[in-house]
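Input: a single structure, listed below in structure tokens.
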Amino acid sequence: MKKNLFRITLGALALAVTAGAQAQVTAEDMVKFRQSGYTFMNWNMGKIKAMAVDGAQPYNQEQIVAAANVIAAIANSGMGALYSPDTLNATGWKPTRLKANFFEEPEKVREVAVNFIQQANKMQEVAVNGDQQAVAAQFNQLVESCRGCHQNFRGD
């Protein structure tokens with residue numbers, strides 16, 4: 001009984017701390033978090049491109065899988081919570097390039113986001129198989145899903 005009470009108390013404390021921490025996140029912090037996530041994802045996409053698409057580096061399935069895992073993890077991380085209208089003019093590590101229409105076209109945003117998540121998950125699945133041509137083909141599909149957001153909702 002004491003163990004359960006301790007666990008419940010600990011859980012409640014963790015929730016309280018988390019809620020307090022979330023309340024203190026500024027628009028600038030939100031932009032920094034998402035810029036960091038996309039930068040890390042981009043670095044991992046570069047690794048896959050160099051090995052599977054360009055042949056600039058020797059193909060290494062273990063590294064491809066690791067990079068695909070990172071991309072899928074970030075895609076599925078709930079980064080949508082880092083977007084709010086007050087981030088439009090915020091500066092994270094650099095000024096945000098998010099366009100205002102992002103908040104005016106929620107159905108289009110949802111469509112683009114779902115496609116990106118699906119393509120990232122598929123990249124992870126294909127990477128495990130190890131077939132370089134399949135990895136390259138899926139990488140191109142993943143890049144296209146990224147373009148869906150960049151072309152519609154990201155400024156220069």
Side-chain angles (χ1 to χ4, degrees), residues 6-54 56-57 60 62-128 135-136 138-156:
F6 175 75
R7 288 179 182 158
I8 291 169
T9 303
L10 188 60
L13 180 60
L15 284 174
V17 169
T18 302
Q22 287 177 341
Q24 297 171 12
V25 175
T26 66
E28 285 73 23
D29 289 339
M30 292 169 73
V31 173
K32 282 182 180 179
F33 295 153
R34 68 184 193 225
Q35 287 173 343
S36 296
Y38 291 126
T39 298
F40 190 51
M41 187 167 33
N42 184 52
W43 181 69
N44 280 280
M45 289 180 72
K47 290 181 355 182
I48 294 172
K49 183 176 187 287
M51 287 185 251
V53 178
D54 297 341
Q57 294 178 3
N60 181 314
E62 188 175 302
Q63 289 182 12
I64 296 279
V65 169
N69 287 341
V70 168
I71 294 164
I74 293 170
N76 289 283
S77 70
M79 283 183 61
L82 298 174
Y83 289 86
S84 70
D86 62 333
T87 65
L88 274 173
N89 297 312
T91 299
W93 303 115
K94 57 187 175 188
T96 184
R97 293 184 280 177
L98 184 65
K99 293 181 184 176
N101 69 322
F102 181 90
F103 300 104
E104 298 161 2
E105 301 177 45
E107 289 304 315
K108 179 69 175 174
V109 169
R110 186 174 294 107
E111 176 187 316
V112 168
V114 166
N115 184 44
F116 169 65
I117 292 167
Q118 289 172 341
Q119 297 304 323
N121 291 341
K122 181 75 173 175
M123 180 81 255
Q124 186 180 36
E125 181 183 310
V126 170
V128 172
V135 168
Q138 182 54 36
F139 178 81
N140 290 330
Q141 292 298 311
L142 178 60
V143 169
E144 282 304 310
S145 73
C146 293
R147 284 189 183 125
C149 190
H150 288 211
Q151 290 174 344
N152 290 289
F153 305 114
R154 180 177 161 189
D156 295 330

Say you draw a straight line from [atom1] of [X] to [atom2] of [Y]; how long is it, rounded to the nearest 0.5 Å?
X	Y	atom1	atom2	answer
T39	W93	OG1	CH2	10.0 Å
S145	K122	OG	NZ	13.5 Å
C149	R147	SG	CZ	13.5 Å
Q141	Q118	CD	CD	11.5 Å
Q35	E28	CD	CD	10.5 Å

By ring-ring contact (aromatic ring centres under 6.0 Å, His included), which residues pair with F102, not counting sequence neighbours?
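Expected list: Y83, F153.
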
Nearest atoms (heavy-atom pairs only) where V112 meets G148
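Distance-wise, the nearest heavy atoms are CG1-C, 3.7 Å.
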
Non-hydrogen atoms of A127 and V135 that approach each other most closely:
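What the structure gives for the nearest pair is CA-CG2, 4.0 Å.
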
The criterion is side chain to side chain contact (heavy atoms under 4.5 Å, CB included); which residues satisfy it with A27, sequence neighbours excluded?
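Here the qualifying residues are D86, T87, A90.
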
Side chain to side chain contact (heavy atoms under 4.5 Å, CB included) partners for T96, two or more places apart:
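Here the qualifying residues are V31, R34, L98.
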
Does the Q119 side chain pair with the main chain of Q138, one donor and one acceptor, at a distance under 3.5 Å?
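Between the backbone of Q138 and the side chain of Q119 there is no qualifying donor-acceptor contact (under 3.5 Å).
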
Scan the side chains in residues 41-51 for donor-acceptor partners under 3.5 Å anywhere in the protein, sequence neighbours excluded, and list what turns up.
residue : atom : partner : partner atom : Å
N44     : ND2  : F40     : O            : 2.9
K49     : NZ   : D54     : OD1          : 3.3
K49     : NZ   : D54     : OD2          : 2.8

Salt bridge (Lys or Arg N to Asp or Glu O under 4.0 Å) partners of R97, counting only residues at least two apart
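Expected list: none.
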
Which pairs would a plain distance check flag for residues 67-82, meaning a side-chain donor or acceptor within less than 3.5 Å of a matching protein atom at least two apart in sequence or in another chain?
residue : atom : partner : partner atom : Å
N69     : OD1  : Q124    : NE2          : 2.8
N69     : ND2  : V65     : O            : 3.3
N76     : ND2  : A72     : O            : 2.7
N76     : ND2  : N121    : OD1          : 2.7
S77     : OG   : I74     : O            : 2.7

